[in-house]
Amino acid sequence: MSEKDDLEWLDALAGRKQNSPAAAEGREFRAAFLERTQPSAPEVPEQDAVREMDLIVRAAREGLLPDTSQLKETLVIRLEGHAVDVGDLQDNPFAQRFSWRCAFRGSGARAMGAAVLACAVLALGWHMRPTAAPEEVFRASPAGVVRIQAADPRALKKQIIEELQAAGVHAQGYQQLGADGIDADLPQPLSQEVHSVLQRHGIPVPRDGVLRVEFAAPGGH
Amino acid sequence: MTELRYGDNNIHMSIDEGSLDQHAFMRACREGGRAIEQALRLLDRAFFAVLYRESFRIVRDAEGARDIVQETFIKVWQRCATFKGDSELLPWMRAILRRGVLDRLRRPDHETPLETGGAMSAATERRIAELSEAQVPTPVDGVRAQELADCFQRCWERFERDHPSHAAVIAWIVEDELSNEQISELLDRTPGATREFISQCRKRARVYFAEWYTLAFGVAASA
């Protein structure tokens, strides 16, 4: 068996014509192989939620998917969009669940201080509430993409695009991988009209001027 | 084929059995984050069945085949930046799957040493040489055809059991008519190492299919 023979055998095996003893060997083998009965694989459904989740979990284990640290980054971006100094909140002594019983257990001065702080936290929460329409709900937005959950995602997408365009922004909609979204480069500095559109829908101003919003129906991904 | 079009921007995506828009794939690769999760789901729906069938055919184990396909999808995303978009996704993914199959088959417990006995007889080799320029003998009746087919099947099953990676490569050569260069790429080896591998495939086939060659080329087994 020489190298030349082997290559002629390979060519014949792959259906390429050759005329040699080695090719005859390969040709017959190929014909017999193609005629043989092959075992059939068990049927699998095209869509299998358990199988998909298994894949997602595996991908997360491999580090392919965003982790919760990106969720934290998104919340920071939102807070800054509402002119809140994130540094003030980093060591929030009320990070633990507030308890009225604890607040009044201390001395009068401490109790008063606790009550004032509690009021401040409540006021801050009120100030931070989303100003978007009731049907719009924000979710985590990794990698700078703002996600909005809406009863009618496409209608909302169309509305925001129209409002941005009216404010002079060249906004484009897209549909990809099951998600409706908007891409837009915002003018720098931001005009009042554009700022109003974003504020009206509770969309934080992107630091880099690149607006990316994705829409989903409740319960969608 | 399902085609989705939205609004005046006319962004659309085509979902077909065994195909996914490569531009959407590349965009998801660039975006990362949640786009990957959605893309993984879509990959599973579009390609799991076809890749699973291919994987099962070689490894013959449902759990193992499923594992290899999932591993393939993970590798697809880990290497998505290397996909140039100048071809369909399926052939690229199939190549990744096949390398995964070979890696699994090459584990030490999967291969048995080459048997030195039972090689093709000299008489059979002479007969093959005689017939190389003449018409290839075809079975004259159904009984002989069935006998040959059964013999080939037996030989193949033994060969596949003892040398699964060589059997897998031979199967892919026949089915996809691979060239030496394509085999080299599949094995991720140099052309020289690939030629050596092909030589081993042929040598092993001659040992395991000696009985069949003898029957097919009309030479008595004792010759």
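It should be emphasised that the depicted structure is a prediction, and the values quoted were computed from it without experimental measurement. Below, each value reflects all heavy atoms present in this structure, side chains not excepted, and no hydrogens, waters or symmetry copies. Residue numbering restarts at 1 for every chain, and letters A, B, ... go by the order of the sequence lines.
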* Q200(B) and H166(B): side-chain donor and acceptor closer than 3.5 Å? ->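 Yes, a side-chain donor-acceptor pair sits under 3.5 Å.
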* For the candidates E35(A), E43(A), E62(A), R16(A), which exhibits the highest count of non-hydrogen atom pairs separated by less than 4.5 Å from chain B? ->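 The residue among E35(A), E43(A), E62(A), R16(A) with the greatest pair count is R16(A).
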* Backbone N or O of L51(B) within a donor-acceptor pair of the S55(B) side chain at under 3.5 Å? ->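 It does not hold such a pair.
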* Is the shortest side-chain N to carboxylate O distance from E25(A) to R202(B) below 4.0 Å? ->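 Salt bridge: yes.
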* **Distance flag, aromatic centroids of Y208(B) and H163(B), threshold under 6.0 Å** =>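 Distance test on ring centres: under 6.0 Å, yes.
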Under 4.5 Å heavy-atom distance to chain A, tell me which part of [X] shows up: side chain, backbone, both or neither.
X       : result
W212(B) : side chain
D67(B)  : both
A171(B) : both
Q70(B)  : both
I173(B) : both

* Asked: chain A: which of F209(B), W172(B), F56(B) shares the most heavy-atom pairs with it under 4.5 Å?
  ->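 Among F209(B), W172(B), F56(B), the one with the most close pairs to chain A is F56(B).
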* To do: Report the option among W156(B), Y52(B), F73(B) that has the most heavy-atom pairs separated by less than 4.5 Å from atoms of chain A.
  =>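 Heavy-atom pairs under 4.5 Å are most numerous for W156(B).
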Closest heavy-atom contact between [X] and [Y]?
X       : Y       : result
R189(B) : S184(B) : O-OG, 2.6 Å
E160(B) : A167(B) : CA-CB, 3.8 Å
V59(B)  : G64(B)  : CG2-C, 4.3 Å

* Asked: Does any heavy atom of chain B fall under 4.5 Å from the side chain of D11(A), the backbone, both, or neither of them?
  ->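 Looking at D11(A), nothing touches chain B.
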* To do: Below 4.5 Å from any heavy atom of chain B, which atoms of A23(A) appear? Answer side chain, backbone, both or neither.
  =>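 Neither part.
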